[in-house]
Amino acid sequence: MTPLVEVAQAAKEYWLGKVRVPALKGVDLVVKRGEFLAIAGPSGSGKTTLLNLIGCIEMPTSGTVRIDQVDIATRSSDELAVIRAVKLGFIFQNFNLLPVLTALENVEYPLATRDISSRERRRHAQEALASVGLATFERHKPLELSGGQRQRVAIARAIVTQPLIILADEPTANLDHKTGQDILALMKSINQQRGTTFIFSTHDQKVMQMANRIVMLSDGQLARAA
Ligand SMILES: Nc1ncnc2c1ncn2[C@@H]1O[C@H](COP(=O)(O)OP(=O)(O)OP(=O)(O)O)[C@@H](O)[C@H]1O
Ligand SMILES: [Mg+2]
């Protein structure tokens with residue numbers, strides 16, 4: 001089966017004034033459909049940068065990034081926005097929920113541009129929220145939820161569009177250890193039940209061990225972990 005993600009010799013440089021910051025230095029990574037992959041590595045090693053390339057949020061300075069066989073450098077920003085909306089889901093460290101919207105409205109939000117009725121949108125959002133165990137919290141606003149519940153809402157928002165890949169940048173970093181493990185277990189059950197591919201970054205050794213595969217980033221380069 002053709003891989004979902006193919007990163008080949010990808011490098012990313014940032015410029016801070018006249019100082020060149022090499023964030024990634026020729027990374028090769030192939031991710032197959034259905035993987036539950038952790039990207040580990042110390043602060044500044046390039047985890048977020050790599051996730052941003054796979055997420056079509058940034059372009060590599062050199063090398064290629066293919067998502068579902070599409071070389072992202074050959075696509076316009078509008079086309080990349082469509083890839084992000086249709087094929088990718090995102091989960092963030094600080095949840096990134098809209099504070100004025102209820103949990104249900106937050107989950108419904110990514111469906112706003114879909115050509116389906118408002119009733120269908122609501123039904124999909126309700127199903128997604130129920131599948132993360134928050135059916136009775138539909139009307140709560142983010143501030144009326146715990147950290148773990150907020151991250152569940154964010155997971156529901158990520159799955160509501162039925163993406164091929166969910167990218168999660170340190171999804172447990174703002175949660176206590178037990179809640180973080182519960183969140184990872186929820187992500188894993190979605191991976192197993194729906195076949196959604198997950199790529200997540202983490203510092204947490206225990207969270208890392210829940211992955212099916214771990215890759216280690218160190219100073220912008222990838223080394224396979226044992
Ligand atoms: N927009 C930017 N401009 C300049 N340098 C950047 C930018 N984004 C990241 N960097 C640099 O690139 C390197 C990799 O950063 P990145 O955020 O990918 O690391 P990380 O592994 O996600 O770290 P953390 O665990 O702290 O989140 C760092 O040296 C960082 O300072
Ligand atoms: Mg980071």
Side-chain angles (χ1 to χ4, degrees), residues 4-31 35-67 72-73 75 77 80-81 83-84 88-97 147-148 150-151 154-155 157-158 163 165-177 179-181 183-184 186-188 191 197-226:
L4 263 191
V5 176
E6 284 179 277
V7 178
Q9 281 301 301
K12 180 71 182 176
E13 291 176 356
Y14 294 107
W15 285 90
L16 284 176
K18 288 186 176 163
V19 180
R20 188 176 72 97
V21 183
L24 290 178
K25 305 169 183 169
V27 166
D28 291 310
L29 178 66
V30 173
V31 184
E35 282 208 68
F36 195 69
L37 173 70
I39 300 174
S43 183
S45 59
K47 302 181 298 295
T48 297
T49 306
L50 180 56
L51 285 170
N52 284 346
L53 295 184
I54 297 169
C56 307
I57 292 164
E58 298 200 75
M59 289 298 124
T61 310
S62 62
T64 54
V65 176
R66 284 198 177 81
I67 304 299
I72 67 170
R75 294 298 192 263
S77 56
L80 292 174
I83 293 175
R84 279 196 298 273
L88 303 175
F90 296 88
I91 298 171
F92 304 91
Q93 177 175 339
N94 53 6
F95 323 128
N96 283 14
L97 301 174
R150 285 179 211 178
Q151 197 59 303
I155 291 171
R157 179 183 57 184
I165 310 166
I166 292 183
L167 302 169
D169 195 2
E170 306 210 31
T172 64
N174 282 353
L175 302 172
D176 66 67
H177 194 74
T179 308
Q181 283 197 311
I183 288 294
L184 246 288
L186 173 63
M187 285 166 45
K188 195 159 190 171
N191 164 257
T197 304
F198 277 78
I199 307 174
F200 59 94
S201 70
T202 184
H203 282 113
D204 186 330
Q205 198 71 34
K206 287 230 172 70
V207 164
M208 229 176 273
Q209 298 308 330
M210 293 172 81
N212 296 133
R213 178 161 69 109
I214 307 170
V215 294
M216 288 291 290
L217 263 178
S218 170
D219 198 19
Q221 290 179 308
L222 218 49
R224 219 152 290 270

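Throughout, residue positions are numbered sequentially from 1 according to the sequence presented. Since the model is a prediction, treat every value here as computed from it, not as a measurement. Indexing begins at 1, ligand by ligand and atom by atom, following the structure's order.
In this structure T202 satisfies the side chain to side chain donor-acceptor pair (under 3.5 Å) test with no other residue, sequence neighbours excluded. F90 meets the ring pair (Phe, Tyr, Trp, His ring centres under 6.0 Å) test with no other residue; sequence neighbours excluded.
Judged by distance alone, with hydrogens and angles left aside, the side-chain atoms of K25 form no donor-acceptor pair with the main-chain N or O of E13 at under 3.5 Å.
Atom 27 (O) of ligand 1 has as its closest protein heavy atom E170 OE2, 3.6 Å. When only non-hydrogen protein atoms are considered, atom 26 (O) of ligand 1 lies nearest to S43 OG, 2.5 Å. Protein heavy atom in closest approach to atom 17 (O) of ligand 1: T48 CB, 3.7 Å. The protein heavy-atom contact nearest to atom 6 (C) of ligand 1 is Y14 CD1, 3.2 Å. When only non-hydrogen protein atoms are considered, atom 25 (O) of ligand 1 lies nearest to K47 NZ, 2.7 Å.
Atom 30 (C) of ligand 1 is not flagged as protein-proximal [any protein heavy atom, distance under 4.0 Å]. At least one protein heavy atom sits closer than 4.0 Å to atom 10 (N) of ligand 1.
For the pair T179 and Q151, the minimum side-chain heavy-atom distance is 4.5 Å or more. In this structure, Q9 and D28 have side chains that are in contact, with non-hydrogen atoms separated by less than 4.5 Å. Between F200 and M210, every side-chain heavy-atom pair lies at or beyond the 4.5 Å cut-off. Counting only heavy atoms from C-beta outward, the side chains of E35 and V5 never approach each other to under 4.5 Å. For the pair V31 and I54, the minimum side-chain heavy-atom distance is 4.5 Å or more.
Atom 15 (O) of ligand 1 has its nearest heavy-atom neighbour, among L53, D169, T49, N52, in T49. The closest heavy-atom contact to atom 28 (C) of ligand 1, among the options S201, P22, G44, A23, comes from G44.
Within ligand 1, counting atoms from 1 as listed, the ones closer than 4.0 Å to a heavy atom of P42 are 21 (O). Near H203, with a cut-off below 4.0 Å to any heavy atom, the atoms of ligand 1 are 25 (O). Against a heavy-atom cut-off of under 4.0 Å, L16 is close to the following atoms of ligand 1: 4 (C). Applying the 4.0 Å criterion to heavy atoms of S45 picks out, from ligand 1, the atoms 19 (O), 21 (O). Heavy-atom contacts of V21 reach the following atoms of ligand 1: 11 (C), 12 (O), 29 (O) (cutoff under 4.0 Å).
Distances from the Mg ion (ligand 2) show that T48 has an N/O/S atom below 2.8 Å.
Taking CD1 of I199 as the reference point, atom CD1 of I39 lies at 6.0 Å (rounded to 0.5 Å). Atoms CG and OG1, on D204 and T172 in that order, are 5.5 Å from each other to the nearest 0.5 Å.
Ligand 1 lies out of reach of G41, whose nearest heavy atom is not under 4.0 Å from it.
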